[in-house]
Amino acid sequence: MAKTGTKGVWIQLIAILAGAAAVFISCRSGDAVIETRFFLGTACNITVYSGGHKTAVDHAFMRVEEIEDRMSVNIESSEVSEINRNAGMHPVKVSADTFFVIEEALETSKLSGGALDITVGPLVETWSIGSESAHIPVDAEIIGLLSLVDYTQVVIDRIKQTVFLEKKGMRIDLGAVAKGYAADAAEKILKKEGVERGIIDFGGNIRVFGSKPKEEPWRVGIQKPDSMRGEYFGIISGGEMSVVSSGTYERYFEAGGVRYHHILDPETGYPVQNDLASATVVASEGLRADALSTAVFVMGLEEGFRLLKTISDAEGIFITEDMKAVLTPGLEDRFVLTDKSYTITSRRTVPTQ
Ligand code: FAD
Ligand code: MG
């Protein structure tokens, strides 16, 4: 644990960690407790200010570990692994945590017309992007696996709290949503244990909570796609919020001059190809922001923007490959562009790509 913070001194948490999307957060505060642990395949940071103590942070991380143990496809005993093993055979009873995350993900799948689809598991496994075995599968393999990708074949029973995948071979993967949920859950523990304000940064999946002294807003910097971690192109300010980005720059490999990144198009089975470099969603809850950031990235600028405009508590920033920042109207007064090589192109109308 590192303890830092001199009264009245700006504390800058530089999120140079794996997966960092929103790159810095700063606030003026008294003593802070800052701790980093490795969970969910990334470095997870928790910073707590007034009322914060190490025990609360320890308990929050225990909760994150519990969520990972339930939802990781890399842990054989997890509930998600159990659901996947029983695909095509029988429903699996799961914890309220896992059920909630799956139910919410399916809701976002419906909203996004299947752009977010947690049944991409077989494709994620085959591509293995982010691991040493990452490779381009042959077309026939991808076509074969696409028959296993269909969120409408995830059957959930709210009374029995069970999840069933209709077809043998189907696999769910909660990589696009569970970090956001873990951040929400960590916040609940911290607040219950008396922490008044803090920052949760799970690999760039940011949650800031509590009110700042003197009503100062939180300020969250947004990663420049394709720049060094820690470089940001603009700052969002506001009260309690989750700020989550999805982009081509997080996990990828290159072959023949083409970048193969980890966000897959459930229709084609290939990494999404549109003009976006990243999509950031700002929402009141982490799970929602995480699910939507992946969804709108897959949908692309025009459709993604249109979707966010229909959701009252979610706003977004889209960054195109040619460095245009497109904001939804709710961020107009909350976003400051700090890197003038980017331009803000449209704020009110649905842009066309
Ligand atoms: P997001 O945009 O939020 O999510 C992208 C991820 O979602 C992809 O990596 C893929 O897993 C999945 N996905 C891709 N396309 C779609 C789609 N269209 N719809 C729905 N989902 C899609 N990483 C490790 O290296 N080792 C680990 O052991 C490990 N364990 C993890 C355990 C948990 C519970 C979680 C939540 C994540 C874990 N990760 C691990 C990280 C994970 O594999 C993803 O890389 C990470 O969650 C991506 O998050 P993101 O915010 O960068 O991107
Ligand atoms: Mg996501």
Exercise. Please assess Leu174 against Ile102 for the test side-chain contact (heavy atoms from CB on, under 4.5 Å), listing each intermediate value before the final yes or no.
Key: CA-CA 8 Å; Leu174 301 182; Ile102 292 173; 4.2 Å; yes

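- Here the side chain of Thr126 pairs a donor or acceptor atom with the backbone of Pro122 at under 3.5 angstrom.
- Using a 4.0 Å cut-off between charged nitrogen and carboxylate oxygen, Glu65 and Arg70 do not count as a salt-bridge pair.
- With hydrogens and angles ignored, the 3.5 Å screen pairs no side-chain donor or acceptor of Glu79 with any backbone N or O of Val94.
- Side chain of Ser72 to main chain of Glu68: no donor-acceptor pair is present (N/O by atom type, distance under 3.5 Å, no hydrogens or angles).
- With Ser78 contributing its side chain and Asn74 its backbone, the two residues share no donor-acceptor pair below 3.5 Å.
- Glu104 and Arg288 are not joined by a salt bridge, as no carboxylate oxygen comes within less than 4.0 angstrom of a charged side-chain nitrogen.
- Taking each heavy atom of Val281 and Ala314 in turn, the nearest pair found is CG1-CB, 4.3 Å.
- Glu35 and Arg37 are joined by a salt bridge, as a carboxylate oxygen and a charged side-chain nitrogen come within less than 4.0 angstrom of each other.
- One N or O on the side chain of Asn84 and one on the backbone of Ile172 form a donor-acceptor pair closer than 3.5 Å.
- Taking the six-membered ring where the residue is Trp, the centroids of Phe297 and His261 are separated by under 6.0 Å.
- Between Phe100 and Tyr181, the angle of the ring planes lies from 30° to 60°, which puts this pair in the tilted group.
- Between Tyr270 and Trp127, the ring-plane angle classifies as perpendicular under the 30° and 60° cut-offs.
- For Phe209 and Trp218, the ring centers sit 6.0 Å or farther from each other.
- The pair Arg63-Asp184 does not count as a salt bridge, with every side-chain nitrogen at least 4.0 angstrom from each carboxylate oxygen.
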Listing, residues 143-156 side-chain donor-acceptor contacts under 3.5 Å, not counting sequence neighbours, or none:
residue: Ser147; atom: OG; partner: Gly144; partner atom: O; Å: 2.7
residue: Asp150; atom: OD1; partner: Thr152; partner atom: N; Å: 2.9
residue: Asp150; atom: OD1; partner: Thr152; partner atom: OG1; Å: 2.6
residue: Asp150; atom: OD2; partner: Thr152; partner atom: OG1; Å: 3.0
residue: Asp150; atom: OD2; partner: Gln153; partner atom: NE2; Å: 3.0

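- Looking at Glu76 and Ser81, their side chains never bring a donor and an acceptor atom within 3.5 Å of each other.
- With 3.5 Å as the limit, one finds a donor-acceptor pair spanning the side chains of Ser284 and Asp313.
- With sequence neighbours excluded, the residues forming a side chain to side chain donor-acceptor pair (under 3.5 Å) with Asp322 are Thr320, Lys324, listed by chain and number.
- Within the 3.5 Å criterion, the main-chain N or O of Gly180 finds a donor-acceptor partner in the side chain of Asp290.
- Within the 3.5 Å criterion, the main-chain N or O of Arg219 finds no donor-acceptor partner in the side chain of Ser237.
- No donor-acceptor pair closer than 3.5 Å links the side chain of Asn86 to the backbone N or O of Met89.
- In terms of heavy-atom proximity, Met170 sits nearest to Thr119 at CE-CG2, 3.6 Å.
- Close placement of the Phe233 and Tyr342 rings is indicated, their centers lying within 6.0 Å of each other.
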